[in-house]
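Since the structure comes first, as structure tokens, the remarks are kept for the end.
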Amino acid sequence: MLGMQGTVATFDAATRSGLLLLDDGTELSFPARAFDASGLRLLRLGQRVRVETDAAGDVVRVTLPTMS
């Protein structure tokens with residue numbers, strides 16, 4: 001699923017996981033594998049991101065809104 005966007009609320013560079021605050025106010029955590037799938041090296045608090053989820057609603061990729 002594409003199209004969800006939010007803001008980085010927390011990010012732990014050691015575990016490569018974190019928490020996003022989606023535009024609708026929902027908190028959504030993401031695992032290291034979703035960060036690793038992005039090709040990014042770091043996320044900053046407050047940074048805007050796009051989220052891709054699978055059919056079960058699990059985050060599978062976190063990217064910048066300008067990336068495809």
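- Residue Leu45 is not grouped with residue Leu21 when hydrophobic side chains (ILVMFWY) are merged at heavy-atom distances under 4.5 angstrom, including chains of intermediate members.
- In Arg48, the CZ atom is crowded: over 12 heavy atoms of neighbouring residues, nucleotides or ligands sit closer than 6.0 Å.
- The structure places CD of Gln5 at 11.5 Å from CG of Leu20, a figure rounded to the nearest 0.5 Å.
- Distance check: Ser38 OG to Glu52 CD gives 10.0 Å after rounding to the nearest 0.5 Å.
- Partner of Phe30 under the side chain to side chain contact (heavy atoms under 4.5 Å, CB included) criterion, out of Leu19, Thr53, Leu43, Val51: Leu43 alone.
- One distance of note links CG of Asp58 with CZ of Arg33; it measures 6.5 Å at 0.5 Å rounding.
- The side chain to side chain contact (heavy atoms under 4.5 Å, CB included) test with Phe35 singles out one residue from Val62, Asp12, Val49, Leu40, and that residue is Leu40.
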**Q.** side chain to side chain contact (heavy atoms under 4.5 Å, CB included) evaluation trace for Gln47 with Leu64
**A.** CA-CA 9 Å; Gln47 187 171 19; Leu64 300 179; 3.3 Å; yes
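- By the rule that hydrophobic residues join a cluster once side-chain heavy atoms approach within less than 4.5 Å of another member, Val60 and Leu28 end up as members of separate clusters.
- In this structure, CG on Asp36 lies 4.0 Å from CZ on Arg16, to the nearest 0.5 angstrom.
- In plain terms, the two heavy atoms of Ala32 and Ser17 that are nearest each other are N-CB, 4.0 Å.
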